[in-house]
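First the structure, in the form of structure tokens, and then the observations on it.
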Amino acid sequence: MSEKKLQSIRGIHDGLPAEVARWQRVEQAARRVFGCYAFSEVRMPVLEPTELFVRSIGEATDIVSKEMYAFTDQGGDQICLRPEGTAGAVRAWLQGGLTRSGTQRWYYIGPMFRRERPQKGRLRQFQQIGVEMFSAAGPIEDAEVLAMAHAFLSELGIPGLNIEINSLGCGACRPGYREKLTSYLQQRAGKLCETCNERIVRNPMRVLDCKVQSCQQELTDAPEMVAHLCDGCDDHFTGVQKGLDALAIPYRVNPRIVRGLDYYNRTAFEIVTDKLGSQGTVLAGGRYDGLVQELGGPATPAIGFAAGLERLAMLLDDVPLATPDVAVVVLGEEALGYSLAQADVMRKAGLSVVHCGGGSAKRQFKVADRELVRFVVAVGEDEMQAGVVTLKEMQNGQQQRLPVSEVVTVIKGQLL
RNA sequence: GUGGACGUAGUUCAAUGGUAGAGCCCCGGCUUGUGGUGCCGGUUGUUGUGGGUUCGAAUCCCAUCGUCCACCCCA
């Protein structure tokens, strides 16, 4: 008869202050850098019609077929928690009537939901920082989006990240390549692992980045998309690389990069680290020129990427929690009201202040100590009579009596 | 979804079938207008949960929940 322990759902974690401090650092870097590239923040719903993802991501993908939190609501509508951001962004862009508003540059930060088996760096509710650029066709835009991603991660100062790019071709050249690859794979099917044999049918390009060594040995001379691009895609891919070279952005062409979601074409990229085990992809994206039309809009080229906020946060050094500027200690009950008033004056002047709550001086100074404040303002009956406060600097124990207005000046000066 | 490791105090970890412990943290005192270092004292657990084996289970067995790791997939 013991009650079930009340706890969060599996794979869905809390963001406590120490964790949120790390998230905020990542978010601040994103906002600053994306702002420099003239991207605007958008906020989209977490709930969307299930149909949206079935049509955009592809019914056969794992995300849609088994990882969505989908349900029927009380009105009988098919609803789901969004598993990714791009489809909703396209929906919002269409619904907002922005198809003729020129290039739209968007970014968003928010939770996504996938019912996977949790692991480090893989949660059922996780946050993505996403970027979408609509009505942008050229390789220049691709290079700039890549440059923006690079600038964002550089701002965070995470070492050991590598940019890998590839071209996935388009409707004109991919089918032919796919056929060639499939027949190549079928000839070797006997020597490939079991999962690869399933992939040959479901998603042959996935075979190329199989982690099994014996598979990789078998695939050394496998045909690659980059060698089978049509002229248009080839020019585009060359253009992207020229742009990156001009910006001196380090990258590596990895012909084996594949996209999980159906809607990608041409440029695909990933930024990876080796410090997160098998969840090493920290940012990924690419071009999706066909998606808007797929969802009922006018043919519109677009490109975007998404970064995993928790994964990036894990790569950060410890982020110190903000500490208050001052702690207020009150000595004797008579001065309680006076102490509250002094705290109020300092807060209105912009300082961060904690009141130690009265009681014994010893207890209050311990409280102040634990708050890691640099200064304590102590007030008792003496100070109240004189209309001053005692300012103590905790590091060296020095203290002096001053009017509270001067305390503000001193602290603000020292905090600079 | 598949395979594996793990789960003991707020926390980090001991206790290999025989009375559940230690460090840190926390609270109080030495010191009722002064913190950190010191000394003294104190609180803390249905050993994740539920069953089973046993005279006796943190320890062995089963189930379940959760974390972690790999696969799958992906940010």
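A, B, ... follow the sequence lines: proteins, then strands. Residue 1 opens every chain.
- By the 6.0 Å contact criterion, CD on Glu294(A) is open, its count of non-hydrogen atoms from other residues, nucleotides or ligands being 12 or less.
- One N or O donor and one acceptor, one from the side chain of Glu383(A) and one from the base of G33(B), sit under 3.5 Å apart.
- Using a 4.5 Å heavy-atom cutoff, the side chains of Leu47(A) and Phe71(A) are in contact.
- The nearest heavy atom of RNA chain B to Gly121(A) and to Arg117(A) marks one nucleotide each, and the one closer to the 5' end goes with Arg117(A).
- Under 3.5 Å, the side chain of Gln399(A) and the base of U34(B) form at least one donor-acceptor pair of N or O atoms.
- Exactly one of Phe152(A), Trp106(A), Tyr108(A) qualifies for a ring-ring contact (aromatic ring centres under 6.0 Å, His included) with Phe34(A). That residue is Phe152(A).
- To the nearest angstrom, P of U2(B) lies 15 Å from CD of Glu194(A).
- Atom CG in Asp14(A) sits about 14 Å away from atom C1' in G66(B), given to the nearest Å.
- Here A75(B) is the nucleotide among G33(B), A75(B), G66(B) with the atom lying nearest to any side-chain atom of Arg114(A).
- Taking the side chain of Asp382(A) as heavy atoms from C-beta on, and the options G33(B), C72(B), C65(B), the nearest nucleotide is G33(B).
- With hydrogens and angles left out, the side chain of Lys392(A) and the base of G35(B) share a donor-acceptor pair within 3.5 Å.
- The local environment of CG in Leu321(A) is crowded, with over 12 non-hydrogen atoms from other residues, nucleotides or ligands closer than 6.0 Å.
- One finds no side-chain N or O of His13(A) lying less than 4.0 angstrom from the OP1 or OP2 phosphate oxygen of G66(B).
- Between the C1' atom of U34(B) and the CZ atom of Phe375(A) lies a distance of 16 Å, rounded to the nearest Å.
- Other residues, nucleotides and ligands place no more than 12 heavy atoms under 6.0 Å from the CD atom of Glu179(A).
- When distances run from any side-chain atom of Arg401(A) to the nucleotides C73(B), G33(B), C74(B), the shortest one goes to G33(B).
- Distance Asn396(A) CG to G35(B) C1': 13 Å, rounded to the nearest Å.
- Side-chain proximity of Ala361(A) to the nucleotides C73(B), G33(B), C65(B) is greatest for G33(B).
- Using a 4.0 Å cut-off, no side-chain N or O of Arg374(A) falls inside it from OP1 or OP2 of G36(B).
- Distances from the side chain of Arg122(A) to the nucleotides G35(B), C71(B), U34(B) place C71(B) closest.
- Rounded to whole Å, the distance from OH on Tyr108(A) to P on A75(B) is 10 Å.
- Per the geometry, CD belonging to Glu116(A) stands 13 Å off P belonging to C71(B), to the nearest Å.
- If you measure from atom CG of Asp209(A) to atom C1' of C72(B), you get 12 Å, rounded to the nearest angstrom.
- Spacing between G28(B) and A70(B) at atom P, rounded to whole Å, works out to 45 Å.
- When heavy atoms are screened at a 4.0 angstrom cut-off, Ala284(A) is found touching the sugar-phosphate backbone but no base atom.
- Nearer to the 5' terminus of RNA chain B, by closest-nucleotide assignment, is the contact made by Lys362(A) (compared with the other of Phe365(A) and Lys362(A)).
- The OG1 atom of Thr273(A) lies 5.0 Å from the CG atom of Leu315(A); values are rounded to the nearest 0.5 Å.
- The cationic group of Arg363(A) does not satisfy the cation-pi geometry with Phe365(A), failing either the under 6.0 Å distance to the six-membered ring centre or the 45° limit from the ring axis.
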**Request:** Could you summarise the pairing of RNA chain B as dot-bracket text, marking Watson-Crick and G-U pairs under 3.5 Å with ( ) or [ ] inside the strand and | across strands?
**Result:** (((((((..((((....[..)))).(((((.......))))).....(((((..]....))))))))))))....
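- We find that NZ of Lys120(A) is positioned 14 Å from C1' of C6(B), with the value rounded to whole Å.
- Residue contacts for Glu84(A): at a heavy-atom cut-off of 4.0 Å it reaches no nucleic acid atom on any strand shown.
- Under the side-chain hydrogen bond (donor to acceptor under 3.5 Å, both in side chains) criterion, Arg22(A) pairs with Asp318(A), not counting sequence neighbours.
- Among the heavy atoms of the strands, none lies under 4.0 Å from Ser360(A).
- Using cut-offs of 30° and 60° for the angle between ring planes, the Tyr177(A) and His228(A) rings count as tilted.
- Regarding contacts with the backbone of C71(B), a side-chain N or O of Lys211(A) is found under 4.0 angstrom from either OP1 or OP2.
- Taking the side chain of Arg259(A) as heavy atoms from C-beta on, and the options G1(B), C72(B), A75(B), the nearest nucleotide is A75(B).
- Candidate nucleotides U67(B), G36(B), A75(B) were compared by shortest atom distance to the side chain of Asp369(A), and G36(B) ranks first.
- Listed pair Arg82(A) / A75(B) fails the phosphate criterion, with no side-chain N or O lying under 4.0 Å from OP1 or OP2.
- At the heavy-atom level, Leu123(A) lies under 4.0 Å from base atoms of the strands shown.
- Look at Gln279(A) and you won't find any side-chain N or O under 4.0 angstrom from OP1 or OP2 of C74(B).
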